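What follows is a structure written as structure tokens; I'll ask about it next.
Below, chains carry the letters A, B, ... as their sequence lines are ordered, and counting in each starts from 1. Since this is a predicted model, take the numbers as computed values, not measurements. Both backbone and side-chain heavy atoms feed into the values below; hydrogens, waters and symmetry mates do not.
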Number of protein chains: 2
Amino acid sequence: MTTVDQQQRPGPPAPRRRSRRDEILEIAVGLFAARGYHGVSMDDIGSAAGVTGPALYHHFAGKEAMLVAALIPVSEGLLHGGEARVALHPGDASAALADLIDFHVEFALANPAVIALHLHELDRLPEEPRRQIRRLQRLYVEEWVAVLSKLRPELDASEARVLAHAAFGLMNSTPFLGGEVDRRRRAALLREATIHALTGH
Amino acid sequence: MTTVDQQQRPGPPAPRRRSRRDEILEIAVGLFAARGYHGVSMDDIGSAAGVTGPALYHHFAGKEAMLVAALIPVSEGLLHGGEARVALHPGDASAALADLIDFHVEFALANPAVIALHLHELDRLPEEPRRQIRRLQRLYVEEWVAVLSKLRPELDASEARVLAHAAFGLMNSTPFLGGEVDRRRRAALLREATIHALTGH
DNA sequence: TAGACTCCTTAACGCACGTTAAGCATTCGG
DNA sequence: CCGAATGCTTAACGTGCGTTAAGGAGTCTA
């Protein structure tokens with residue numbers, strides 16, 4: 001369990017190592033990932049952060065806003081990271097794919113909670129932010145589809161999309177396992193499995 | 001808190017052909033998968049089934065009992081199917097793996113909603129049934145680990161487990177895509193990707 | 001046609017949750 | 001030293017939800 005047991009009751013204020021908002025958000029993400037959006041109450045989040053539930057309204061407009069604030073940067077980070085990696089290898093689809101895989105695996109291993117959130121709780125959002133996130137996700141997928149289509153011309157776009165989603169499922173399997181295996185070894189296993197899954201050799 | 005599930009008919013009457021209970025359960029599974037366990041109310045489920053919310057209590061002990069009733073058969077079905085497939089190929093790990101993959105892909109394509117439920121809502125269960133399901137899942141995973149370990153002796157058990165979970169993530173990616181691609185073609189793509197991911201050739 | 005059985009209804013209860021309101025303490029720039 | 005900003009508190013409200021209670025109508029069997 002993620003415990004942030006800084007100042008409880010009285011005394012000197014927070015050390016403010018970074019914005020309180022971000023601190024609270026990280027705690028909320030952990031709870032959402034562990035028990036689901038609807039399974040966590042504002043009081044739960046407050047308690048975990050060392051404050052009461054209503055205190056959270058000084059940092060976020062509401063519960064939904066917390067989920068949005070947690071999910072948007074993930075989609076943006078994946079998309080921008082993916083675009084950057086692809087741009088590094090113009091005309092070399094094979095190298096671009098290897099770099100995409102490396103990037104995504106590292107991202108998934110570094111942010112398992114947020115990955116799980118993305119997989120499970122996206123549908124709990126209201127129309128507008130959900131559409132925005134879906135749009136970012138779609139653009140990210142299309143980066144993969146473009147690279148895959150160059151690498152395997154026998155596939156049409158929709159087939160490449162199936163493979164891209166399959167690859168995400170593979171690489172995002174990381175939140176489901178406790179760290180019995182060393183992180184670097186796990187990254188290597190996932191990279192190899194993904195490259196073989198997508199290219200067949 | 002923990003309510004006793006009224007499971008089957010306790011007395012003389014034999015189990016029905018396709019009971020109303022099963023009909024309702026399938027509807028509930030669809031709703032749970034689409035909007036999340038906590039995002040669906042008993043009234044929602046009742047309405048979708050053409051009855052009122054409280055009517056459901058004549059078929060299930062409560063909301064949790066519905067989730068349990070939906071999830072247990074899935075784990076059992078996967079485990080027993082997996083054991084059966086492995087038993088078909090004694091001493092031939094390669095054939096056993098191919099059969100396991102075929103079985104799991106067909107299962108996932110046939111039951112996307114229930115697969116999504118398993119991935120997302122397992123943690124919403126109370127201790128006891130959750131442990132039972134986790135036990136079934138673990139046994140199923142170990143079927144894969146055993147086959148994988150024979151096929152790739154250079155991996156230790158925990159590494160094989162990482163790969164098994166990765167394969168599940170790949171094959172279970174099917175609920176995330178609408179059927180833009182023909183079902184048989186999709187199954188073929190997932191089978192090939194999985195076998196390559198796990199064996200490397 | 002009695003009796004049992006299945007399946008459903010409306011009404012209501014109690015609680016948990018998201019949210020709002022109003023106000024207090026500490027910190028800090030000018 | 002003042003006044004704003006920051007970050008929190010307790011109290012309370014409305015509502016949605018899971019659940020219980022009590023009863024009635026249709027169907028099958030003997």
Side-chain angles (χ1 to χ4, degrees), chain A residues 4-28 31-32 35-70 121 124-126 129, chain B residues 1-28 31-32 34-70 121 124-126 129:
Chain A
V4 175
D5 239 2
Q6 316 235 4
Q7 93 276 6
Q8 268 298 44
R9 237 345 198 149
R16 174 92 92 137
R17 55 178 212 271
R18 65 172 191 272
S19 92
R20 186 89 176 97
R21 182 189 150 100
D22 289 346
E23 204 177 330
I24 289 174
L25 189 56
E26 188 178 325
I27 292 171
L31 289 176
F32 286 155
R35 317 214 298 259
Y37 176 71
H38 291 290
V40 178
S41 72
M42 292 298 269
D43 282 348
D44 289 339
I45 300 170
S47 292
V51 299
T52 61
L56 303 175
Y57 287 79
H58 287 269
H59 304 278
F60 299 91
K63 197 185 179 187
E64 273 179 2
M66 301 187 75
L67 188 54
V68 174
E121 307 294 345
R124 281 61 171 163
L125 284 182
Chain B
M1 234 354 125
T2 335
T3 46
V4 176
D5 188 353
Q6 61 183 25
Q7 300 260 20
Q8 307 260 354
R9 222 55 44 184
R16 316 277 235 75
R17 32 208 158 72
R18 177 189 165 79
S19 67
R20 184 95 176 95
R21 181 188 151 103
D22 290 345
E23 203 176 332
I24 289 174
L25 189 56
E26 189 177 325
I27 292 171
L31 289 175
F32 285 156
R35 315 214 298 257
Y37 176 71
H38 291 290
V40 178
S41 72
M42 292 298 271
D43 282 348
D44 289 339
I45 301 170
S47 293
V51 299
T52 61
L56 304 175
Y57 286 79
H58 289 269
H59 303 279
F60 300 91
K63 196 184 179 188
E64 273 179 1
M66 301 187 75
L67 188 54
V68 174
E121 307 294 345
R124 281 62 172 163
L125 285 182

Given atom CG of L56(A) and atom P of dT10(D), what is their separation to the nearest angstrom?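 So the CG-P distance, L56(A) to dT10(D), works out to 14 Å.
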Any sub-3.5 Å donor-acceptor pair from Y37(B)'s side-chain atoms to H38(A)'s backbone N or O?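 No.
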Only pairs at least two apart or in different chains count here, so list each salt bridge (Lys or Arg N to Asp or Glu O under 4.0 Å) that has a residue in residues 50-63 of chain B.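 Output for this query is empty, none listed.
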Measure the distance from CD on E23(B) to P on dC7(C) and round it to the nearest whole Å.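 Answer to the nearest Å: 10 Å.
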For D43(B), all residues meeting side chain to side chain donor-acceptor pair (under 3.5 Å), sequence neighbours excluded: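 Counting only residues at least two positions away or on another chain, D43(B) forms no side chain to side chain donor-acceptor pair (under 3.5 Å).
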Can you tell me how far apart CD (E121(B)) and CG (L67(B)) are? Round to the nearest 0.5 Å.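 Result: 7.0 Å between the selected atoms.
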Which atom names give the shortest non-hydrogen contact between P126(B) and E64(B), and what distance separates them?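 Between these two residues, the closest heavy atoms are CG-OE1, 3.4 Å.
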Find the distance L67(A):CG to dG18(C):P and express it as a whole number of Å.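 Rounded to whole Å, this separation is 12 Å.
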All side-chain contact (heavy atoms from CB on, under 4.5 Å) counterparts of T52(A), not counting sequence neighbours: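 Partners of T52(A) under the side-chain contact (heavy atoms from CB on, under 4.5 Å) test: P54(A), A55(A).
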Distance check needed: dC17(D) P versus E64(B) CD, whole Å only.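 Interatomic distance, CD of E64(B) to P of dC17(D): 17 Å.
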Where is the tightest heavy-atom contact between I24(B) and M66(B), given as atom of each residue plus distance?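 Reported closest heavy-atom pair: CG2-CE, 3.9 Å.
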Could you give the CZ-to-C1' distance, from F60(A) to dG18(C), as a whole number of Å?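 That distance rounds to 16 Å.
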Under 4.0 angstrom, heavy atoms only, what part of the nucleic acid is G62(A) near: base, sugar-phosphate, or nothing?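 Result for G62(A) = sugar-phosphate.
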H59(B), nearest nucleotide to its side chain (from dT19(C), dT9(D), dC7(C)):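 Nearest nucleotide to the side chain: dC7(C).
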With respect to the phosphate group of dT6(D), does any side-chain polar atom (N or O) of R21(A) fall under 4.0 Å of OP1 or OP2?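 No.
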For residues 35-49 of chain B, which residues have at least one heavy atom under 4.0 Å from DNA chain C?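 Per residue number, the list is empty: none.
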When you compare the side chains of S47(A) and D44(A), does any donor N or O come within less than 3.5 Å of an acceptor on the partner?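 Their side chains do not contain a donor-acceptor pair, so the 3.5 Å distance test is not met.
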Rounded to whole angstrom units, what separation is found between the OH atom of Y57(B) and the P atom of dC17(D)?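 About 12 Å, once rounded to whole Å.
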Is the phosphate of dT9(D) approached by T52(A) (side-chain N or O, under 4.0 Å from OP1 or OP2)?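 Affirmative; the distance criterion is met.
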What's touching nucleotides 21-29 of chain D from the protein side, N or O pairs under 3.5 Å?
none

Nearest-neighbour nucleotide for the K63(A) side chain, dG18(C), dT9(D), dT19(D) considered: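 My answer, after comparing the listed nucleotides, is dG18(C).
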Excluding sequence neighbours, so at least two apart, what forms side-chain contact (heavy atoms from CB on, under 4.5 Å) with A48(B)?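 Only I27(B), L31(B) meet the side-chain contact (heavy atoms from CB on, under 4.5 Å) criterion with A48(B).
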